[in-house]
Trainee: 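Starting off with a structure, shown below.
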Amino acid sequence: MFSKILIANRGEIAVRVIRACQAMGLRTVAVYSEADADAMHVKLADEAYPIGPAPVAQSYLKVDAILEAAKQSGAEAIHPGYGLLSENAGFARACAEAGLTFIGPKPEVIAQMGVKTEARALMKAAGVPVVPGIETACSDIEEAQRIALEIGYPVMLKAASGGGGIGMQVCPDAAELEKAFKLCAGRAKAYFGNGDLYVEKYIANPRHVEIQVLADHHGHVVHLNERECSIQRRHQKVVEEAPSPVVDAALRARMGEVAVQAVRALGYTNAGTLEFLVDADRNFYFLEMNTRLQVEHPVTELTTGVDLVRWQIRIAAGEALTLQQAELAPKGHAVEVRLYAEDPNTFFPSPGTIAELRWPDGIRVDTWVEAGTVVSPHYDPMIAKLIAHGADRAEAIAKLQEALGRLEVAGIKTNTPMLLTVLGHPKFRAGDFSTDFVAAELTPAKV
């Protein structure tokens, strides 16, 4: 086992990883930008090293600065969290070359899954169902239009790299495809350094359901059931839960078996998530694989009793999984909401200083802020995740509603009104929703 781990991240995930390390008796090293000098993850870590100015390109994405901090501190391993460098194969490779253990899968697997067209081809070869489409990027709009005619409109235009809904658009016809192609390519190039696009069949009103997996270096693989992530705004998740209201034991077993099959075919190790679309007939199709910890991992932890971060560390240290598939059936129900510092009417970010803050008790709160924290405009505006666990779905929702009603935040605006609207909506409470829920059911100002 390691004795000291550097966390190459910030915000709530850096705090989450530090707390897991502390529980394991491991020393921690934080890195921070100038804007985060007084951040919670810096205060909690045993050591902390500055790595540059506020913009992520000048700090949290600076591989050399992070590796130098690891060298100076004597850290043996690096946990990347999620976002930032977590799915950067070059960073994972640089860690290995520096004699550091990257707490995640092998660089070559990260690279394969990071290009969606390559991931589709690999999954298809492994017998995993994929959405009808192509396994290579489109070279130009003419090729995209030819492919769209072959598979039939509507189609989804997607960036070959990256995620978070960036460079993605539904195209109902050729005119919309032509209009979207240049825009999506430009956004993909700006965000991911790769403007390649591909086309796949658009599945109307699907559920977004993902399977959590763990795999060690000794050939042992398990899945930890599914998470429902269909409540999204502009393709970004807002509310997640486990288990999914639409997945029964038989479908869970089939999806889990396919996920494990894919992991074995890839030679994948550590924690990962396979994302699927589930249609109205409960057919499921591979969407993408996230080769890292997910933001929504707490709902899996609360329904299985498994600490995913600790297992990430233990697997990276070479330990064998002791979890048995038969013991991992979901227990109760968990619902998570993402709390953002943003205007509840426009959803524009609401940076500033948190003047007062009181978290509700009785639920899990993963956060990086406290009274006096400055929420910077340089970073993602998520300030916390609130997660409730109950004996069943109704109880978990009720607990979370009640907790959000007691939440007190002053000095910045938050999306609490939208979260309460979702949790109280009849269709959400009935489990009758799809990925278009926010756009279809909430007022335009809330979308």
Trainee: On a heavy-atom basis, which atom in Asn205 and which in Tyr202 lie closest, and how many Å separate them?
Mentor: N-OH, 4.4 Å
Trainee: When you measure from the side chain of Arg10 to the backbone of Ala30, do you find a donor-acceptor pair of N or O atoms at a distance under 3.5 Å?
Mentor: no
Trainee: For the backbone of Glu370 and the side chain of Trp359, can you confirm whether one donor and one acceptor N or O come within less than 3.5 Å of each other?
Mentor: no
Trainee: Run the side chain to side chain donor-acceptor pair (under 3.5 Å) test on Gln401 and Arg429 for me, step by step, so that the C-alpha distance in whole Å, both residues' side-chain angles and the decisive distance to 0.1 Å come before the verdict.
Mentor: CA-CA 12 Å; Gln401 282 182 299; Arg429 297 178 75 87; 2.9 Å; yes
Trainee: What are the two closest heavy atoms between Ile78 and Cys95, and how far apart are they?
Mentor: CD1-SG, 3.8 Å
Trainee: Spell out, as yes or no, whether a donor-acceptor pair under 3.5 Å connects the side chain of Lys201 to the backbone of Tyr153.
Mentor: yes
Trainee: Both conditions, 6.0 Å and 45 degrees, for the charged tip of Arg207 above the ring of Phe437: are they met here?
Mentor: no
Trainee: What do the steps show when you test Val438 against Ile231 for side-chain contact (heavy atoms from CB on, under 4.5 Å), and what is the final call?
Mentor: CA-CA 7 Å; Val438 171; Ile231 305 298; 4.1 Å; yes
Trainee: Could you measure the distance from the OG1 atom of Thr303 to the NZ atom of Lys331? Nearest 0.5 Å is fine.
Mentor: 8.0 Å
Trainee: Are Asp216 and Arg314 close enough for a salt bridge, meaning some N to O gap below 4.0 Å?
Mentor: no
Trainee: Would the distance check show the side chain of Thr367 and the main-chain N or O of Ile383 forming a donor-acceptor pair, the cut-off being under 3.5 Å?
Mentor: yes
Trainee: Supply the atom-to-atom distance Ile66 CD1 to Ile51 CD1, rounded to the nearest 0.5 angstrom.
Mentor: 4.5 Å
Trainee: With rounding to the nearest 0.5 Å, note down the distance linking CG in Leu214 to CD1 in Ile315.
Mentor: 5.0 Å
Trainee: Do Arg120 and Tyr198 have side chains that approach each other closer than 4.5 Å (heavy atoms only, starting at C-beta)?
Mentor: yes
Trainee: Please say whether more than 12 non-hydrogen atoms of neighbouring residues, nucleotides or ligands are located less than 6.0 Å from CG in Asp38.
Mentor: no
Trainee: Salt bridge or not between Glu296 and Arg338? Use side-chain N to carboxylate O under 4.0 Å.
Mentor: yes
Trainee: If you count every heavy atom of other residues, nucleotides or ligands that lies below 6.0 Å from Glu356 atom CD, does the total exceed 12?
Mentor: no
Trainee: Are there more than 12 heavy atoms of other residues, nucleotides or ligands under 6.0 Å from atom NZ of Lys399?
Mentor: yes
Trainee: Hey, does the side chain of His220 reach the backbone of Leu321 with a donor-acceptor pair shorter than 3.5 angstrom?
Mentor: yes
Trainee: What do you reckon, is CZ of Arg358 surrounded by more than 12 foreign heavy atoms closer than 6.0 Å?
Mentor: no
Trainee: Is there a side-chain contact between Trp311 and Val222, using heavy atoms and a 4.5 Å cut-off?
Mentor: no
Trainee: Answer yes or no: is there an ion pair linking Arg227 with Glu240, defined by an N-O contact shorter than 4.0 Å?
Mentor: no
Trainee: Examine distances only and state if a side-chain atom of Asp343 and a backbone atom of Ser350 form a donor-acceptor pair shorter than 3.5 Å.
Mentor: no
Trainee: Does the side chain of Ser3 come under 3.5 Å of the side chain of Glu76 through a donor N or O and an acceptor N or O?
Mentor: yes
Trainee: If you measure from the Lys or Arg side-chain nitrogens to the Asp or Glu carboxylate oxygens, is any gap between Glu200 and Lys124 under 4.0 Å?
Mentor: no
Trainee: Of the non-hydrogen atoms in Ser244 and Glu228, which two are nearest, and what is the gap between them?
Mentor: OG-OE1, 2.7 Å
Trainee: Quick check: does any side chain N or O of Asn225 sit under 3.5 Å from a backbone N or O of Thr300, one acting as donor and the other as acceptor?
Mentor: no
Trainee: Quick check: do Ile7 and Thr28 have side-chain heavy atoms less than 4.5 Å from each other?
Mentor: yes
Trainee: Report the C-alpha distance between Phe286 and Val258 in whole Å, list the side-chain angles of each, state the deciding distance to 0.1 Å, and finish with yes or no for side-chain contact (heavy atoms from CB on, under 4.5 Å).
Mentor: CA-CA 10 Å; Phe286 173 77; Val258 164; over 6 Å; no
Trainee: Walk me through it: do Leu224 and Leu308 pass the test side-chain contact (heavy atoms from CB on, under 4.5 Å)?
Mentor: CA-CA 10 Å; Leu224 292 92; Leu308 291 171; 4.1 Å; yes
Trainee: For Glu319, look at atom CD and say whether over 12 heavy atoms of other residues, nucleotides or ligands are found less than 6.0 Å away.
Mentor: yes
Trainee: Nearest 0.5 Å, please: how far is CD1 in Ile103 from CZ in Phe2?
Mentor: 5.5 Å
Trainee: Indicate yes or no for a side-chain donor-acceptor contact from Gln325 to the backbone of His223 under 3.5 Å, with no hydrogens or angles considered.
Mentor: yes
Trainee: State, with a plain yes or no, whether a side-chain heavy atom of Leu407 is found less than 4.5 Å away from one of Leu339.
Mentor: yes
Trainee: Would you find a donor on one side and an acceptor on the other, under 3.5 Å apart, between the side chain of Asn270 and the backbone of Gln312?
Mentor: yes
Trainee: So, for Pro206 and Ser230, which heavy atoms are closest and what is the spacing to 0.1 Å?
Mentor: O-OG, 4.4 Å
Trainee: Does any part of the side chain of Tyr340, heavy atoms only, come nearer than 4.5 Å to the side chain of Phe347, both counted from C-beta?
Mentor: no
Trainee: CG/Leu442 to OG1/Thr421 distance, rounded to the nearest 0.5 angstrom?
Mentor: 6.5 Å
Trainee: Is the backbone N or O of Lys385 less than 3.5 Å from a side-chain atom of Asp366, with the two atoms forming a donor-acceptor pair by type?
Mentor: no
Trainee: To the nearest 0.5 Å, tell me how far Gln212 CD sits from Glu301 CD.
Mentor: 8.5 Å
Trainee: Do Val295 and Glu336 touch side chain to side chain, with heavy atoms closer than 4.5 Å?
Mentor: yes
Trainee: For Ala341 and Ile412, work out which heavy atoms get closest and say how close.
Mentor: CB-CD1, 3.7 Å
Trainee: Quick one, Glu87 and Asn290 - any side-chain contact, counting heavy atoms below 4.5 Å?
Mentor: yes
Trainee: Taking atom types as modelled and ignoring hydrogens, do the side chains of His208 and Glu275 form a donor-acceptor contact shorter than 3.5 angstrom?
Mentor: yes
Trainee: Going through the checks in order, is the side-chain contact (heavy atoms from CB on, under 4.5 Å) test met by Glu210 and Lys237?
Mentor: CA-CA 12 Å; Glu210 59 191 30; Lys237 302 164 188 172; 2.9 Å; yes
Trainee: Would you sort out whether Asp36 and Tyr60 count as a side chain to side chain donor-acceptor pair (under 3.5 Å), showing the intermediate values?
Mentor: CA-CA 11 Å; Asp36 279 341; Tyr60 294 107; 2.6 Å; yes
Trainee: Do you know which two heavy atoms are closest between Gly272 and Tyr268, and how far apart they sit?
Mentor: CA-OH, 3.4 Å
Trainee: Could you tell me whether Asp248 and Arg282 have a side-chain N and a carboxylate O separated by less than 4.0 Å?
Mentor: yes
Trainee: With the side chain counted from C-beta on, respond yes when Pro105 and Met113 share a heavy-atom pair under 4.5 Å apart, and no when they do not.
Mentor: no
